[in-house]
There are 2 protein chains.
Amino acid sequence: MPVGIKDVARVAGVSAATVSRVLSGRAVDAVMQKRVLAAVTETGYRPNLAARRLRSRHSNTIGLVVADIRNPFFTAVSRTVEDIAYERGLRVILCNTDENPAKESMYLQLMQEERVTGVILAPTQSGVEQAARQRFDFPVVLIDRTIPGAAQDSVVLDNEAMAALLVHQLHAGGHRRIAGFFGASSTTGSERSAGYTKAMADLGLTPEPVPVAHGEGEAERAMTTLMNTPGHATALIASNGVMLTAMLRAIHALGLSVPQDVALAGFDNEPWMDLVGGGLTVIEQPVEEIGRAAMAMLSERLDHPDGPPRKMVLGGRCIVRGSTIRSAARAVSVHSGS
Amino acid sequence: MPVGIKDVARVAGVSAATVSRVLSGRAVDAVMQKRVLAAVTETGYRPNLAARRLRSRHSNTIGLVVADIRNPFFTAVSRTVEDIAYERGLRVILCNTDENPAKESMYLQLMQEERVTGVILAPTQSGVEQAARQRFDFPVVLIDRTIPGAAQDSVVLDNEAMAALLVHQLHAGGHRRIAGFFGASSTTGSERSAGYTKAMADLGLTPEPVPVAHGEGEAERAMTTLMNTPGHATALIASNGVMLTAMLRAIHALGLSVPQDVALAGFDNEPWMDLVGGGLTVIEQPVEEIGRAAMAMLSERLDHPDGPPRKMVLGGRCIVRGSTIRSAARAVSVHSGS
DNA sequence: ATTCTTACAGAAAACGTTTTCTATGCGGAG
DNA sequence: CTCCGCATAGAAAACGTTTTCTGTAAGAAT
């Protein structure tokens, strides 16, 4: 015995339209409002959102499509997005693409079917080309990844600059052979790789970029290969937090340690990263700010659908810790310091 | 110019009903099916899910209500649930309660309005009483937390036994003064506390349970208080992964280290936990299995709404690492040092 | 005082599907 | 050969809201 708006109307002695008006907070006579509200609590009425969406033609739902919610960067951004969304009475549909373009386009079709209000999307490497040119029925804000000339709004990190910062940090720590591991399945990886390469060149050093495919164990494999090469790099840069963790694990698995045997730095900060290897030097992304900005851009785009696409580039914070200090210096400081 | 089922019907030269039948895979003449499918691709038709849900009276949507998606345990379970759900053509609505009963009941009302197919819920301490007795319009499966005699299905860890395992592990490592930090806002915390207390008593030791409120910095605060108490415990147990991380951070902040100054063990395994403090001894929860079981129970409950509530208790894996080993030599050196 | 405007409530249409109902044609049984 | 049943497709109803349309009453302006 589901209770509908007509039941409420009957109990309150008004028309269904009036109940609807009260519930959506439009101007209604005060005494009727009282009666309707009373009838709502009396009947325990809960609106049927499917019906509401069908008739009103807006879903009050946004889509959030990311590579993998288990990546702490996406976890954090998602949480911020969800908080803001629910505050505004919006539902969130979360989807994981696993860097799979087929999944990505499937989910974007789903968004279409849900008639979502808007979508926040972290596109895959191959999906971004398509997405950036495509005209969707809903506004799309790209996060973390975009390409120049994209038709969509975007909010991204200043990847080149941040990668360069890490290079300079390692250089200041006394390192000259610095290898960089970069994800091959996102524009973010490419951009960070480019920033790294340029910074190395500027310092007169030889870049050693290593592209790493997405997938379990890929980073470990690449690491092991590199460390087994005689005369390998003395310092490493990781393209993101997941890769950084994987690389650190590989280093330990090889019986080596940071920073004594090899220096290590990367992107994304996590709560444990100051507890290991003398503390990992990382670029901390403004995750909350990214989520907030994405939601803000989505709102603005809903208000002004026809403005030119906007790109917001945010800076990160470089947290310098012990993992980038050259082993010799580090060993001395340990002996004398603590 | 939105294209509806009627447009498809017109293009295909059939009725809307026939299009609907083709799309839902019911028996239709082969030639008509061809024509409809062609018309669908030609028009680029995408069904309107709101309309479909309204008429068909099922939403193909499940709710997933957890404390905080940033807790890696919930992250992992969520991911599994979402994968299975999307495989079955179900949408997932994710909600974070922050251990706040008000938020929890608000979200459960939302589920009602969405007319969800079912809900997977990790209830708060105060919410579980209400939830366990309440009769929802949809099946509910409790995960991670429940109470005896709950009216809902549930899948939980064998918390008492696992907590006892940690106690025995520390005892075997030579520890006699073992304190336990347990979350005060979930039944899981209470159960693990109970298991800890019983195991301690069985060993003839004095339990020192410390209840910790949910919230930023609570665990650190409790840790600092404890470690500043003269003659404090030599070993610590953490109620969950988030707390374990926080406690480890507090230990480092105090300039102490694991296991030299204090032993540490806890619940939930994370990829970095073998890299710090000689490796943290933890109970690894079968996160994937939990998600899978929750979805399975939900399905079964949909098929048999009136069976008695079922409780599935899963075991965890105790991963013994260096953090629980007592080192007499180090203990002495610490004693003299501080 | 009469008409025009405004404000607000109820009636009815509309949203885009699925489902029920009705009709038609065909095959098999009597 | 006729009738009954069955399968299948179209017509129409239904899902539960919001929105548009219509009517009425009260206040303002002439």
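Sequence lines set the chain letters: A, B, ... in the order given, protein chains first and strands last, and positions in each chain run from 1.
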Gap between atom CD1 of Ile120(A) and atom CE of Met297(A) - 0.5 Å precision: 11.0 Å
Atom pair CG/CZ of Asn48(B) and Arg55(B) - distance to nearest 0.5 Å: 15.0 Å
Closest-nucleotide ordering on DNA chain C, the 5'-leading residue of Arg35(A) and Ser56(A): Arg35(A)
To the nearest angstrom, how far is [X] atom [atom1] from [N] atom [atom2]?
X         : N       : atom1 : atom2 : answer
Asp7(B)   : dT17(C) : CG    : C1'   : 13 Å
Arg115(A) : dT17(D) : CZ    : P     : 21 Å
Lys6(A)   : dT17(D) : NZ    : P     : 9 Å
Gln112(A) : dG16(C) : CD    : C1'   : 14 Å
Arg26(A)  : dT20(D) : CZ    : C1'   : 11 Å
Arg55(B)  : dT20(C) : CZ    : P     : 7 Å
Arg57(B)  : dT19(C) : CZ    : C1'   : 12 Å
Arg21(A)  : dC21(D) : CZ    : P     : 13 Å

Could you list all N or O pairs between the protein and nucleotides 5-8 of chain D that sit under 3.5 Å apart?
none

Could you please name the option among [options] that lies closest to any side-chain atom of [X]?
X        : options                   : value
Asn48(A) : dG16(C), dA9(D), dG16(D)  : dG16(D)
Ala17(A) : dA11(C), dA13(C), dT17(C) : dA11(C)
Ser15(A) : dA11(C), dG10(D), dT17(C) : dA11(C)
Leu54(B) : dC15(D), dT18(D), dT18(C) : dC15(D)
Ile5(B)  : dT17(C), dC15(D), dG10(D) : dT17(C)

Using a cut-off of 6.0 Å, state whether more than 12 heavy atoms not belonging to [X] lie near its atom [atom1].
X         : atom1 : result
Gln130(B) : CD    : no
Gln33(B)  : CD    : yes
Glu288(A) : CD    : no

Short side-chain N/O contact from Thr18(A) to OP1 or OP2 of dG10(C), under 4.0 Å: yes
Given Thr97(A), Thr124(A), Asn96(A), the one that forms side-chain hydrogen bond (donor to acceptor under 3.5 Å, both in side chains) with Glu104(A): Thr124(A)
Residue whose nearest DNA chain D nucleotide is more 5′ - Ala51(A) or Gly13(B): Gly13(B)
Distance-only side-chain donor-acceptor flag, Thr18(B) / Ser15(B), under 3.5 Å: yes
